[in-house]
Amino acid sequence: MLTKQQAKERIEQLKKEIDKIRYAYHVLDKPIVSDAVKDSLQHELQELEQRFPDLITPDSPTQRVGGKPLDEFQKVQHAVPMLSLTDAFSEEEIFDWQERNSKLLEDFTQKVTQDGYYAELKMDGLAVSLVYEDGLFVQGSTRGNGLVGEDVTQNLKTIEAIPLRITPSLELIQKAGVKGAVKIPRRIEVRGEVFMTMKVFEGVNQEQEKAGLPKFANPRNAAAGSIRQLDPNVTARRKLSFYAYDLVTELGQKTHQQAHEIMKLLGFPVNPHNQHCANLTEVVRYHQKWASERRNLPYWTDGIVVVVNNLDLIRRLGVVGKAPRGMIAFKFPPEEATTVVEDIIVQVGRTGALTPVAVLRPVLVAGSTISRATLHNEDEIRRKDVRIGDTVVVHKAGDVIPEVASVLKEMRTGKEKIFQMPTRCPVCGGVVIRPAGEAIARCVNKKCFAQNFRRYLHFVSRPAFDMVGLGPKILKKFIDEGLVKDPADLFNLTEGDIAPLERFAEKSASNIVKAIQSRKHISLARFLYALGIQNVGEETAYDLADHFGSLEKIKNASLEEIEAVYDIGPVVARSIYDFFRDKNNLQFIERLLKAGIKIEEPPKKQAQPLSGLTFVFTGELASLTRDEAKNLVRGLGGDVSESVSKKTSYLVVGANPGSKYDKAHTLGVRLLNEADFLKLVGKRS
DNA sequence: ATCCCTCGAGTTCA
DNA sequence: CTCGAGGGAT
């Protein structure tokens with residue numbers, strides 16, 4: 001049986017060890033033991049404390065949870081006001097800020113040249129203040145209005161990243177670079193940001209949903225909501241994180257960077273990406289770096305904080321309004337913005353599909369101005385309940401494609417109009433039909449100009465005839481001038497036809513003719529794709545060419561024969577079969593052949609070293625284009641797909657990979673870099 | 001009948 | 001990238 005004295009010693013030992021583990025994990029970011037080991041130590045501590053309740057101290061890790069729910073939060077007066085920051089959105093504003101400061105203080109430029117700036121990632125959470133007395137965490141509070149906040153000590157104690165006890169000493173402070181003797185005060189105050197990682201945020205929202213509670217809009221709200229919980233047990237479950245960013249108490253620090261050093265040595269986690277910058281050029285570089293890399297961080301940041309490193313300067317620069325002059329928030333270009341749906345228009349595709357598109361009041365999102373966003377189809381509009389006149393949140397899906405993320409319904413005035421799919425084609429006035437059970441409404445007029453025009457674009461597009469330099473504008477001109485009646489006429493164009501047109505130099509006329517003529521030789525797969533048969537895309541065209549080997553055979557194939565092709569079912573077989581029974585289509589093919597198109601039939605199959613393997617590409621390859629790589633794989637009998645799944649054999653990763661990389665990572669798909677890929681195909685060919 | 005993977009088709013901006 | 005839907009596997 002353990003004596004009380006033995007228990008006391010063991011408890012001290014356990015507390016020390018658990019805090020060491022906490023420090024390694026949260027401050028050094030280098031875990032030394034597994035979670036299970038930590039849990040086990042914590043469990044032992046808890047048992048001992050249960051047996052000897054009078055040995056429980058307020059800095060024991062078991063005291064992080066277990067507080068009683070409060071009725072309300074007490075108000076806390078901040079000894080030093082918690083200020084806010086001025087925002088800057090451009091490089092220019094940052095330089096203006098420096099300019100203003102240098103005019104304010106004579107020695108500003110000299111001191112900044114000496115000590116530089118300190119740049120930090122601006123965490124998207126909520127600011128809190130932590131007060132320690134005689135090393136013990138005694139009070140934590142929110143910012144509130146800057147002067148008076150709320151006492152959330154119990155809740156902050158549940159955050160493991162926050163130390164419950166600190167042991168400041170002269171030795172420690174000197175280790176951080178402070179020179180000379182410093183009297184260490186009893187009371188020490190540190191400020192920082194409480195935030196929630198994306199992963200925790202998603203988990204919390206899943207639970208909210210399960211419990212039938214409203215979801216949090218973003219990690220910031222979730223963190224704020226969790227801190228303002230009256231029941232600390234709820235906060236404990238939310239797994240909040242914390243980074244310290246300011247040492248309020250005077251411990252001899254001369255620069256902001258030194259303050260960070262001291263806080264870290266005291267046991268507070270500070271963001272490891274914070275960085276000293278010699279000048280604003282370096283600050284701007286830091287900003288640019290994180291503007292693009294912030295996506296790879298496990299938490300949200302909306303900018304950086306730039307701090308004049310010399311603390312004396314900050315003090316003397318003073319405060320304007322509620323913001324100190326010595327620091328500024330340099331925001332990242334927003335990834336999300338709100339704007340107004342000015343109209344919903346309808347576009348007509350190659351197959352007659354009517355696609356509603358939101359016309360937006362132009363707004364800057366993630367570096368580019370967006371003015372339109374697809375709404376996909378009628379059902380999608382209903383689901384999101386987007387109306388003309390609505391204020392909406394837009395963002396970019398996969399960094400490129402603008403998307404209406406949600407509607408701010410609170411902002412409705414009642415004047416918003418509900419979108420109705422037109423019953424007549426907006427381009428040709430033809431009949432619009434939406435077959436039962438299908439999501440897409442189509443203009444059924446085969447002669448519709450919009451459809452016809454899209455067919456041209458498809459014909460000249462890269463995976464089809466790949467006629468470079470033949471964009472929509474030039475094509476439209478050719479059609480308007482009556483130079484071409486269908487895409488086959490393109491091959492009969494001469495310089496003499498084009499040159500007289502307005503704004504056509506001789507040179508560009510001859511370039512276009514050359515580009516067209518150089519495409520007369522084409523593979524069977526590309527040719528089939530270019531025809532624009534419904535439900536036949538790149539992949540199916542390739543399958544068809546491979547299976548039948550010649551245009552003649554495909555033309556004459558029966559429905560059953562087509563359906564026998566792997567990956568082709570009744571629906572696709574029907575549209576292929578019907579296509580080759582249509583008189584106009586057959587004439588079109590005849591005209592193409594008469595114009596001198598030479599179809600190259602697929603080579604007889606040779607060795608198939610990659611058969612059964614599926615490749616997916618992401619990012620840019622250095623030594624060959626995506627198309628060349630695809631052909632290489634197919635030539636060796638491998639399959640190429642556009643999306644990663646567990647059936648993917650290899651993901652070939654080039655420069656600047658996209659989201660496929662993450663997916664492959666979670667699915668455990670094997671990755672190849674370019675060199676490995678080349679080795680693989682090279683060795684086996 | 002149902003699930004999962006692919007494919008097709010449409011889309012934005014610099 | 002997104003959605004819808006075709007096709008094969010279960």
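Small disclaimer: the values here were computed from a predicted structure and weren't measured. Throughout, a chain's letter reflects where its sequence line sits, starting with A, and its residues are numbered from 1.
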Sugar-phosphate only, base, or nothing, as touched by A:R442 at under 4.0 Å among non-hydrogen atoms: nothing

Give a yes/no on whether any side-chain N or O of [X] is located under 4.0 angstrom from OP1 or OP2 of [N].
| X | N | answer |
| --- | --- | --- |
| A:T355 | B:dA9 | no |
| A:T540 | B:dG8 | yes |
| A:R372 | B:dC13 | no |
| A:T351 | B:dG10 | yes |
| A:Q347 | B:dG10 | no |

I want to verify a distance call: between [options], whose nearest atom is closest to the [X] side chain?
| X | options | answer |
| --- | --- | --- |
| A:P402 | C:dC3, B:dC13, B:dT11 | B:dC13 |
| A:R383 | C:dC1, C:dG4, B:dC7 | C:dG4 |
| A:I370 | B:dC13, B:dC7, B:dA14 | B:dC13 |

Interatomic distance, A:I479 atom CD1 to A:F449 atom CZ [nearest 0.5 angstrom]: 5.0 Å

A:T540 side, atom OG1; A:I533 side, atom CD1 - distance, nearest 0.5 Å: 10.0 Å

Can [X] and [Y] be counted as an ion pair, charged N to O under 4.0 angstrom?
| X | Y | answer |
| --- | --- | --- |
| A:R383 | A:E380 | yes |
| A:K553 | A:E561 | no |
| A:D379 | A:K384 | no |
| A:D489 | A:R591 | yes |

Spacing of [X] atom [atom1] relative to [N] atom [atom2], expressed in whole Å:
| X | N | atom1 | atom2 | value |
| --- | --- | --- | --- | --- |
| A:N377 | C:dG4 | CG | P | 5 Å |
| A:L360 | B:dT12 | CG | P | 10 Å |
| A:E380 | C:dC1 | CD | P | 17 Å |
| A:L364 | B:dA14 | CG | C1' | 13 Å |
| A:R382 | C:dC3 | CZ | C1' | 17 Å |
| A:L531 | B:dG8 | CG | C1' | 16 Å |
| A:Q534 | C:dG4 | CD | C1' | 14 Å |
| A:I345 | B:dG10 | CD1 | P | 15 Å |

Expected output: side-chain A:D124 to main-chain A:R220 donor-acceptor under 3.5 Å: no

Earlier contact from the 5' end, DNA chain B, for A:T369 and A:A353: A:A353

Distance flag, aromatic centroids of A:H547 and A:Y566, threshold under 6.0 Å: no

Close side-chain approach of A:F330 to A:S90, heavy-atom, < 4.5 Å: no

Mutual orientation of the aromatic rings belonging to A:F459 and A:F465 [parallel < 30°, tilted 30-60°, perpendicular > 60°]: parallel

Per-nucleotide protein contact string for nucleotides 5-10 of chain C (B base, S sugar-phosphate only, - none; heavy atom under 4.0 Å): SSSSS-

Proximity to DNA chain C (any heavy atom under 4.0 Å), residues of residues 449-466 of chain A only: none

